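Data block below; observations after.
Please read all numbers here as calculations on a predicted model, not as lab measurements. Below, read A as the first sequence line, B as the second, and so on, with proteins coming before strands; counting in each chain starts at 1.
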Protein chains: 2
Amino acid sequence: MATAKPQSAPERQRDREATMRLLIDAVGRVLARQGFREVKVNVVAREAGINKVLIYRYFGGLDGLVAAFAHNGDFWPDLDELTGGDREAFLALPLVERLVVATRNYMRGIRRRPLTQEILAWRFLEHNALTEALDSVRQSVGMQIMALVRSGLAVPPNLDIAALYAILGGTINHLSVRERTEETFAGLPLDDEATWERLEVMLARIIRSVLGNED
Amino acid sequence: MATAKPQSAPERQRDREATMRLLIDAVGRVLARQGFREVKVNVVAREAGINKVLIYRYFGGLDGLVAAFAHNGDFWPDLDELTGGDREAFLALPLVERLVVATRNYMRGIRRRPLTQEILAWRFLEHNALTEALDSVRQSVGMQIMALVRSGLAVPPNLDIAALYAILGGTINHLSVRERTEETFAGLPLDDEATWERLEVMLARIIRSVLGNED
DNA sequence: GGTATGTGTCACCGGTCGGTTACTTTGTCA
DNA sequence: TGACAAAGTAACCGACCGGTGACACATACC
């Protein structure tokens, strides 16, 4: 007869901002701990300790939540990181060495970010707000670093610099993503730091060879 | 009271071999059409028009079925394909050109096999009988082609050939997998055949530069 | 005949998925 | 005080998931 009295839950503090924060953080934790395949409404809500209805109410669904997460993280090396922090010193280098430095720092930057590796793998499967956001940032940074590498210097005319970039970036992305789940590639132990030094050396050698042979 | 008479189904031909064949083929179709994420017991069984119980009975589960599928396909370029078919002509080439040819044919071989690209992406997520089978074949072919490339010739002593292989293979794998779901990478239109020719040219250039600079 | 065996079908199980509805509780403001 | 919006909860929905048990039926073999 009497009205139902569910009132079992501890009743959080009714703070929308804090709740949204909890949900966004939970995305990062699930992503880091269990991988992108576990980034689901029920799982994230449980992780956050928040009722999943609020994901729909505040973010319009999981996509919106993931988008909010995307705008909130440091998923990509920025210009300073790619150049090594000292912009002047970077610009003092010749074209070839600029590219060597930027490539090396790019690889280190990706490997330093497990979440980015996770998202890179995610992108192989599907597009979503997170991978789109990541891509837009990468594209932006990519354009900037390309401009910075060649700024003030003449690029060899018959060099397909875009193809070279694609090959270098593709390799780094592939090996970084692969490192998550496999311990070797082409016989190289990816779990050994020495392997990555060898790869750095070879990438530098490739760049110097290709650009050095220019006339 | 009377015994139930379900007897509604049309009763297939009671041919175990044929049924297994249907299931294995269904895996390939689902994989090609919907991707590895849809390779599930219910989906494959429905695709084959076979009751899913038989997947468990005949293959012990989805893993066994996938393993059977793995032993049944042409997922990787073999030695003939990598060398261009004419082994003698291949061996008549110098080391550098052997590597150029093998790399080019490797890339073409991967791009020619959509299922292989799908499996490569799958491997970023998890190991299973299919990805293991693919890996073992690749590793085997990889060893053989490496041996063939250098057979009878001297490899420059201070060249980290394994690292070079990893970089070349990593690039090709990455771009091929990426082609499935994205139309550009690093500003290059992956859906344009001209892009792939540019990449072939650049890969050849890299190889010639790196190996040509040897003393 | 009879019976065991292999082949195939159907119906169900517990669990999870994304998503929605209906509700209570809290705080604010008139 | 009372109305009302915002914050949060619980319960439910249909669909699908992997997996199993019980049964019908055809055949082969004794």
Contacts under 3.5 angstrom, residues 98-107 of chain B side chains, donor-acceptor by atom type, not counting sequence neighbours:
unit_1	atom_1	unit_2	atom_2	d
R98(B)	NE	L93(B)	O	3.1
R98(B)	NH1	L148(B)	O	3.3
R98(B)	NH1	V149(B)	O	2.8
R98(B)	NH1	S151(B)	O	3.0
R98(B)	NH2	L91(B)	O	2.8
T103(B)	OG1	L99(B)	O	2.7
N105(B)	ND2	E81(B)	O	3.4
N105(B)	ND2	L82(B)	O	2.9
N105(B)	ND2	V101(B)	O	3.4
Y106(B)	OH	N173(B)	OD1	2.8

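- Taken residue by residue, residues 28-38 of chain A places no heavy atom nearer than 4.0 Å to DNA chain C.
- Checked for salt-bridge contact, K40(B) and E38(B) meet the test: a charged N lies under 4.0 Å from a carboxylate O.
- In this structure, the side chain of E118(A) does not engage the main chain of A32(A) through any donor-acceptor pair within 3.5 Å.
- Counting only N and O atoms by type, the side chains of E132(A) and S136(A) include no donor and acceptor under 3.5 Å apart.
- Annotation: proximity of residues 61-72 of chain A to DNA chain D (heavy atom, distance under 4.0 Å) is found for no residue.
- Scanning atom types as modelled, no donor and acceptor separated by under 3.5 angstrom connect the side chain of R14(B) and the base of dT27(D).
- Going from atom CG of D15(A) over to atom P of dG8(D) covers 7 Å, rounded to whole Å.
- Applying the salt bridge (Lys or Arg N to Asp or Glu O under 4.0 Å) test to pairs two or more places apart or on separate chains, those with a residue in residues 54-74 of chain B are D74(B)-R113(B).
- A straight line from CD1 of I50(B) to P of dT7(C) spans 13 Å, rounded to a whole angstrom.
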With sugar-phosphate taken as primed atoms, P, OP1 and OP2 and all else as base, the protein-contact string of nucleotides 11-16 of chain D at under 4.0 Å (heavy atoms; B, S, -) is ------

| said: Does D25(B) form a salt bridge (charged side-chain N to carboxylate O under 4.0 Å, His left out) with R21(B)? I'd like the steps, not just the answer. | reply: CA-CA 6 Å; D25(B) 292 346; R21(B) 196 60 271 145; 3.0 Å; yes

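- Ring planes of W122(A) and F36(A): parallel class, angle under 30° (limits at 30 and 60°).
- Rounded to whole Å, the distance from CZ on F59(B) to P on dG8(C) is 11 Å.
- When the P atom of dG27(C) is taken as reference, atom CD of E17(A) falls 17 Å away, rounded to whole Å.
- Taking the six-membered ring for Trp and the full ring otherwise, the centers of H174(B) and F124(A) sit less than 6.0 Å from each other.
- The shortest distance between the side-chain N/O atoms of T19(B) and the OP1/OP2 oxygens of dG8(C) is below 4.0 Å.
- Atom CZ of R57(B) and atom P of dG6(C) are 10 Å apart (whole Å).
- Looking at T116(B), its side chain does come within 3.5 Å of a backbone N or O of F75(B) through a donor-acceptor pair.
- Side chain R16(B) to base dG6(C): no donor-acceptor pair is found below 3.5 Å.
- Around NE2 of H71(B), the count of heavy atoms belonging to other residues, nucleotides or ligands within 6.0 Å does not exceed 12.
- Rounded to 10 degrees, the angle between the two end axes of the helix from dG1(C)-dC30(D) to dA30(C)-dT1(D) is 30°, with five pairs used at each end.
- A side-chain donor-acceptor contact under 3.5 Å links T171(B) to the backbone of I167(A).
- Between Y58(B) and dG6(C) there is no side-chain polar atom (N or O) within less than 4.0 angstrom of OP1 or OP2.
- Between the side chain of T195(A) and the backbone N or O of P189(A), at least one donor-acceptor pair lies under 3.5 Å.
- Side chain to side chain, E200(A) and W196(A) fail the donor-acceptor criterion of an N or O pair below 3.5 Å.
- The interatomic distance linking L54(B) (CG) with dG21(D) (P) rounds to 16 Å, in whole Å.
- Considering L120(A), L134(A), L31(A), L130(A) as possible partners of L115(A), the one that fulfils the side chain to side chain contact (heavy atoms under 4.5 Å, CB included) test is L31(A).
- Residue L22(B) contributes atom CG, which lies 14 Å from atom P of dT7(C) at whole-angstrom precision.
- Look at OH on Y56(A): it is 17 Å from P on dA22(C), rounded to the nearest Å.
- Comparing dA6(D), dG6(C), dG18(C) by their nearest atom to the side chain of V41(A) picks out dG18(C).
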